[in-house]
Asker: 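Let me begin by handing over the structure; questions about it come next.
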Amino acid sequence: MPILYWKGCMARFRTKKIANSIEELFSRMELDYIKLSNEGCCGSILYRTGQDAMEVSKQTMEKIRSVDVREVVTGCPGCFRTMSKDYESFEVKIYNISQFLLKFKDLLRENLREINVKVTYHDPCHLGRHMGIYEEPRQLIKLIPGIELVEFKHNRERALCCGYGGGLRSAYPEVSMEIAKSLLNEVPNDVEILITACPFCNYALNNSRIKVLDLSELLLMAWRD
Amino acid sequence: MDIYSMKREEFLKWLKDENRRRGLSRAVSSYVSSKEKILARMPHINVIRKEARKIKENSMERIFELLKEAMDNIIDSHGNAYFAKNAEEAREIVLKLIGSNKMVIKSKSLVSEEIELNEFLEKYDNKVFETDLGEFIIQLRGEKPTHIINPSVHVPREEVAKTFSKIIGREVKSDIEELVKVAREYLRDKFFTADVGITGANVVAANTGTIFIIENEGNARFVSNAPPIHICITGMEKIVPTLEDAFKIVQVLPPYATAIPMSAYVSMITSPSRTADIEKTLVYGVHGPRELHVIFLDNGRTRMLSDSILKEALYCIRCGSCMYECPVYRIIGGAFGHNYFGGIGIIWSAFTAGEDKVAAAIDACTKCGRCKELCPLEIDVPKMVEYLKKKLVSMGYIAERHKEIRRNIIERGNPFGE
């Protein structure tokens, strides 16, 4: 049975490169996956801004139920958090992409080439503090031979926030962007790539000083040709 | 201009104010590194803070019983105890005790800010002096506190020097020790000539009616001890069952509030100053105050308690750690809230000042959850903020932009409307 790859709105409209690299990764790994032709909204933004999300989340649950899958994999921690925690009695198993990819550790290890680069990893709030997923993305990064993972001074439970979430970016964009800037100031010295695992963080942290890549982009970069 | 545009202006003012940003960022980085060092040296605090959480949970379950016990015990010890339903009642009680044309000294009390006591007392021609250095600075500058532990957190030393130079009429260097000396010299005689001292309380033990005042400067000792009348105004949620319970809270506060293992001073006050040294005959008012008045304030706290989700905010021991640690507060400081600050402050302000006062500020919270992780009592602030936000939306408080996002989602299946 195929898995359903759920892109999420940010990766569909603003950080398309993330959706593309996830799909590319899936096909290189020869995974059987499907997508929805008209994905719609998980409702996360409505939940986080205090608005009624019942109708939207019901529609989305129905849409997912209508295709024959038992597992949904998403690269968006916002969707992941919402479908796992906010949806009531949703029987489909939801995975964050980092959890899912880790099931294929051996396959990945065989196909990842050595790259000698110093990276750091930013814990997305919805993935880390909201869902307790801290180690899986780090384990994936460390599958790449030669890579050096340098931690932010404040990481995991204590990681800073990119400032995008909770409706702040839409309500007060200037404040949101200033928070992103203050996070970028905390990037450890000599790091060449800032790895994120959230399309929202990726968008918020995009800047001219340091390369920002999604976890899937990093894995693809290290994939043997 | 709607409340959202007004709040945005306020945020932008903070963003652009280099002095405020400098003051705030110096304070935050100094606090965070000291706190982390101290907490690493005190692993046992993890046990005590969990006990503190239990104590607060249990206390709030029977707070009215504890309130009665505390008040009875204060009265038994020749003090006076009052219950004020709201800010107005609390102000009236204080006014009856003080009257007009008096000199009043205060140590830091957020509850007195909550009921806007200074402005009220000044209307009756009383002279009010704040003696906590941070409060003193903002009182002189005509500002409002922007942090519950460090009210002048946004004022860097250069600005303090300008303010002090003005009041003493000579140039003061922006040297921090020099600035402290100016405050000390300016306030010294006020402690001994004041008619009334007003303090808050950090915790109150019901079984003896003892109020605890935790401080580092030594000003609260003077305020609660030198004038003939001591008035303590505190929130009713500060009451815990026993002295032992109170000591647990006392142990949690200093490392989280000021990054030290224990505060310089903890004053425990149970009755007015007394002696029976001559013929075993009891007389009140020896070297300390002859009168002690303790006012317990409700002002929305009972309402908070009746809400199964938001009552968790009452467990807050007011260490202020979550504010220093909040990514949003670090940028917009005191603008992120109303009379209380940060995510927890949004909840407190909603009940003590009104929902309308936080309806715009609440949208600044990203619900990132960092405050919950770093709170010694593990208070789930993001959950409460999300819940309150929902309530506010149902009351009609919603930003245009958020409405538009919902329309886009309904009509186009995505927030961007594309």
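Both backbone and side-chain heavy atoms feed into the values below; hydrogens, waters and symmetry mates do not.
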Asker: Sequence neighbours left out, what passes side chain to side chain donor-acceptor pair (under 3.5 Å) with Arg14(A)? Give chain and number order.
Answerer: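 Partners of Arg14(A) under the side chain to side chain donor-acceptor pair (under 3.5 Å) test: Glu418(B).
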Asker: Is it the side chain or the backbone of Arg12(A) that comes within 4.5 Å of chain B heavy atoms, both, or neither?
Answerer: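 Contact with chain B is through the side chain of Arg12(A) alone.
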Asker: So, taking the atom named OG1 in Thr49(A) and the one named CG in Asp363(B), what distance separates them when rounded to the nearest 0.5 Å?
Answerer: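 Rounded to the nearest 0.5 Å, the OG1-CG separation comes out at 8.0 Å.
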Asker: Considering only heavy atoms and a distance below 4.5 Å, find which of Gln59(A), Lys181(A), His130(A) pairs most often with chain B.
Answerer: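 The residue among Gln59(A), Lys181(A), His130(A) with the greatest pair count is His130(A).
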Asker: On a heavy-atom basis, which atom in Val393(B) and which in Gly50(A) lie closest, and how many Å separate them?
Answerer: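 The answer is CB-O, 3.5 Å.
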Asker: Below 4.5 Å from any heavy atom of chain B, which atoms of Val175(A) appear? Answer side chain, backbone, both or neither.
Answerer: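 For Val175(A), backbone and side chain are both near chain B.
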Asker: Name the option with the most non-hydrogen atom pairs under 4.5 Å to chain B; the candidates are Cys161(A), Gly43(A), Gly128(A).
Answerer: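 The residue among Cys161(A), Gly43(A), Gly128(A) with the greatest pair count is Cys161(A).
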Asker: Would Glu36(B) and His154(A) count as a side-chain contact (heavy atoms from CB on, under 4.5 Å) if you check the C-alpha gap in whole Å, the side-chain angles of each, and the deciding distance to 0.1 Å?
Answerer: CA-CA 11 Å; Glu36(B) 283 168 357; His154(A) 294 105; 2.7 Å; yes
Asker: Among all residues two or more places apart in sequence or in another chain, which pass the side chain to side chain donor-acceptor pair (under 3.5 Å) test with Lys7(B)?
Answerer: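 In terms of side chain to side chain donor-acceptor pair (under 3.5 Å), with neighbours along the sequence ignored, Lys7(B) is linked to Glu10(B).
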Asker: Which region of Arg401(B), side chain (C-beta onward) or backbone (N, CA, C, O), has a non-hydrogen atom less than 4.5 Å from a non-hydrogen atom of chain A, or is it both or neither?
Answerer: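 Side chain only.
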Asker: Can you say whether Ile362(B) sits under 4.5 Å from chain A via the side chain, the backbone, both, or neither, judging by heavy atoms?
Answerer: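 Neither the backbone nor the side chain of Ile362(B) comes within 4.5 Å of chain A.
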Asker: Please flag which part of Ser182(A) lies under 4.5 Å from any non-hydrogen atom of chain B: side chain, backbone, both or neither.
Answerer: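 Contact with chain B is through the side chain of Ser182(A) alone.
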Asker: Tell me, with the steps shown, if Tyr47(A) and Lys389(B) meet side-chain contact (heavy atoms from CB on, under 4.5 Å).
Answerer: CA-CA 10 Å; Tyr47(A) 283 107; Lys389(B) 173 69 197 167; over 6 Å; no
Asker: In terms of heavy-atom pairs under 4.5 Å, which option from Glu39(A), Arg129(A), Arg169(A) contacts chain B the most?
Answerer: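 That would be Arg129(A).
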Asker: Are any non-hydrogen side-chain atoms of Ile409(B) and Gln51(A) less than 4.5 angstrom apart?
Answerer: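 Ile409(B) does not reach Gln51(A) side chain to side chain.
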Asker: Measure Leu12(B) against the heavy atoms of chain A and call it side chain, backbone, both or neither at under 4.5 Å.
Answerer: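 It is the side chain, since no backbone atom gets that close.
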Asker: With a 4.5 angstrom heavy-atom cut-off, could you sort out which part of Asn38(A) is near chain B: side chain, backbone, both or neither?
Answerer: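 For Asn38(A), there is no contact with chain B at all, as no heavy atom is under 4.5 Å.
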Asker: Could you go through Glu325(B) and Arg158(A), starting from their C-alpha distance and side-chain angles, then the distance that decides it, and tell me whether this counts as salt bridge (charged side-chain N to carboxylate O under 4.0 Å, His left out)?
Answerer: CA-CA 9 Å; Glu325(B) 299 283 6; Arg158(A) 300 180 160 220; 5.5 Å; no
Asker: Determine whether a donor-acceptor pair (N or O, by modelled atom type, separation under 3.5 Å) exists between the side chain of Arg8(B) and the backbone of Glu174(A).
Answerer: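 No, Arg8(B) side chain to Glu174(A) backbone: no donor-acceptor pair under 3.5 Å.
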